[in-house]
Amino acid sequence: MARFELKLPKMGESVAEATITNWLKEVGDKIEADEAVLEIATDKVDSEVPSEVSGILIEQLFGKDDLVQVGQTIAIIETEGGELVPIVKEAVAAEVVAEVTKTVDAAKESVAAPVDFSDSEKFLSPLVKNIAKEEGVSVAELAAISGTGKEGRVTKNDILDYVKNRTSQPAVSAPVVAVQKPVAAPVAQKAAPVSVSGGDEIIEMDRMRKLIAGYMVASVQTSAHVQSFIEVDVTNIVKWREKNKNAFEKREGEKLTYTPIFMEAVAKALKDFPGMNISVDGDYIIKKKNINLGMAASLPNGNLIVPVIKNADQLNLVGMAKAVNDLGGRAKAGKLKPDDTQGGTYTVTNVGTFGSVFGTPIINQPQVGILALGAIRKMPAVIETPEGDFIGIRQKMFLSHSYDHRVVDGALGGSFVKRVAEYLEAFDVNRDV
């Protein structure tokens, strides 16, 4: 008999850790090769971890809701034959002990006046307490710091940032309020009590909904949202799609929707206005080299996720349609990979799917813009011709552009959405696919 270490696999270049959400196999269960052993979750995507070998699960090294780093051993599987895979729990334990000893020694070297942290409602690590003592940070100040650690815990970087901001403030007679850098998912403040009657049903948010709620609140608190709206005549696009959709599906094996056409226009406009293809990091603006378009898609549980079409400006319409269908299909089936949602530089969401004429979408941080596509409707419109103006029935829709007014002014935000509209209205009805 031999033992195999099941490790948390690499899930993409930008993904370093995941949370265990459910064990599908218990100790003593038989496992076949490629059979799922547990479910994990990153910031946005849930996925399964399969076994690379057949055998018996003899040990689970982590429990539900534990955070695991990529490459860490998460389970031990006993197999028939083969070489023994070394178990290195002793080495890991020694490393942990060394780190704790280092922290304790640092605390002992502190010469600052003692501070009583027993009244603090927050969990404070020895290292954080030591830094607080050295810098003279009171219990009340610690309570006001927004922690970025698990469950809102104050980390070493949190308290160092606080001390830096506090000591760098200029001397003024009026009181100074320290401004903390917004985080991706801030700890929710205590809301006002809600009255519940006997007939009301109380449902706890699932993990995904909690994450989405945190991202939305953080985005509104971070960016100064401004909207621009423009009406677009897409009659030529509607006619062209009706004419070509059946032949396209027969030839390519893909459905031809409106989404890839809109995505193509957005990618072109981003090349014309690179000032919209940026992100913000504190006081710095990062100009993105690649145009990676996020597209809002539905998950099996009804929540929305934003998979990303990488290098969207380099795709022709066929390539764009395949990318849109692939990401949308895998999102609905719950088969997205963590890296599928990373690296977006601008996002498009289709509120028209639900019949909305237009909307005011929230920016997907750290991007600076998001475009909402409204429902396409038949509308009476003035048609200008050399012979004069006429009233006719046209297919029209609204584009709603939300942008970050910290770094995008009205001229850029309005010009960008206007350029998208111009590309859509100039669509060639005789275009080949």
Side-chain angles (χ1 to χ4, degrees), residues 12-16 42-44 148 157 161 179-185 215-216 218-230 259-296 305-316 319-320 323-324 327 338-349 360-373 399-424:
E13 294 182 2
S14 55
V15 181
T42 62
D43 283 350
K44 292 184 178 180
T148 60
N157 290 334
D161 287 344
V179 179
Q180 301 297 317
K181 182 179 178 180
V183 297
Y215 293 141
M216 295 300 98
S219 182
V220 172
Q221 291 178 341
T222 300
S223 296
H225 282 62
V226 177
Q227 283 81 30
S228 292
F229 307 93
I230 191 166
T259 302
I261 301 173
F262 297 141
M263 288 293 197
E264 181 186 56
V266 171
K268 289 180 179 179
L270 286 173
K271 292 190 73 172
D272 296 340
F273 295 94
M276 288 302 311
N277 198 53
I278 65 173
S279 63
V280 178
D281 183 7
D283 295 331
Y284 296 92
I285 295 173
I286 302 172
K287 292 184 177 181
K288 295 296 185 177
K289 176 182 179 181
N290 300 325
I291 294 177
N292 300 332
L293 289 184
M295 49 169 273
I305 195 169
V306 184
V308 177
I309 302 173
K310 307 293 174 58
N311 298 308
D313 58 314
Q314 298 178 20
L315 299 176
N316 60 18
M320 189 74 78
V324 167
L327 291 174
D339 214 37
D340 289 331
T341 62
Q342 305 297 323
T345 61
Y346 188 89
T347 298
V348 179
T349 181
T360 55
I362 296 175
I363 296 168
N364 188 14
Q365 297 294 327
Q367 300 168 23
V368 299
I370 180 171
L371 186 70
L373 309 172
L399 303 180
S400 310
H401 185 210
S402 292
Y403 48 95
D404 189 342
H405 213 17
R406 295 178 302 164
V407 290
V408 180
D409 57 27
L412 175 56
S415 298
F416 169 78
V417 71
K418 182 181 178 184
R419 183 61 54 85
V420 175
E422 290 171 349
Y423 279 127
L424 295 176

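Note that these values count all heavy atoms, side chains included, but never hydrogens, waters or copies made by symmetry. The first residue in the sequence is number 1, and the count goes up from there.
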Where [X] and [Y] come nearest, the two heavy atoms and their spacing:
| X | Y | value |
| --- | --- | --- |
| S279 | V368 | CA-CG1, 4.4 Å |
| A421 | I230 | CB-CD1, 4.0 Å |
| S223 | Q365 | OG-NE2, 2.7 Å |
| V408 | G275 | CG2-O, 4.4 Å |
| G369 | H401 | CA-NE2, 4.3 Å |

Quick check against the 3.5 Å criterion: does [X] have a side-chain atom that pairs as donor or acceptor with the backbone of [Y]?
| X | Y | answer |
| --- | --- | --- |
| T345 | N292 | yes |
| Q367 | G344 | yes |
| S219 | I363 | yes |
| H225 | S402 | no |
| N277 | N290 | yes |

Atom pair [atom1]/[atom2] of [X] and [Y] - distance to nearest 0.5 Å:
| X | Y | atom1 | atom2 | value |
| --- | --- | --- | --- | --- |
| K310 | L327 | NZ | CG | 9.0 Å |
| M263 | D313 | CE | CG | 13.0 Å |
| R406 | D283 | CZ | CG | 9.5 Å |

field: Minimum side-chain heavy-atom gap R419-E422 below 4.5 Å
entry: yes
Side chain proximity check, I370 to I362, heavy atoms < 4.5 angstrom: no
statement: Between T259 and the options V324, L373, V348, the side chain to side chain contact (heavy atoms under 4.5 Å, CB included) test singles out V324
- prompt: Going through the checks in order, is the side-chain contact (heavy atoms from CB on, under 4.5 Å) test met by V420 and L424?
  reply: CA-CA 6 Å; V420 175; L424 295 176; 4.2 Å; yes
task: Kindly indicate, with the supporting measurements, whether the criterion side-chain contact (heavy atoms from CB on, under 4.5 Å) is fulfilled by V308 and L293.
output: CA-CA 5 Å; V308 177; L293 289 184; over 6 Å; no
query: Name the one of Y346, Y403, Y423 that satisfies ring-ring contact (aromatic ring centres under 6.0 Å, His included) with F416?
result: Y346
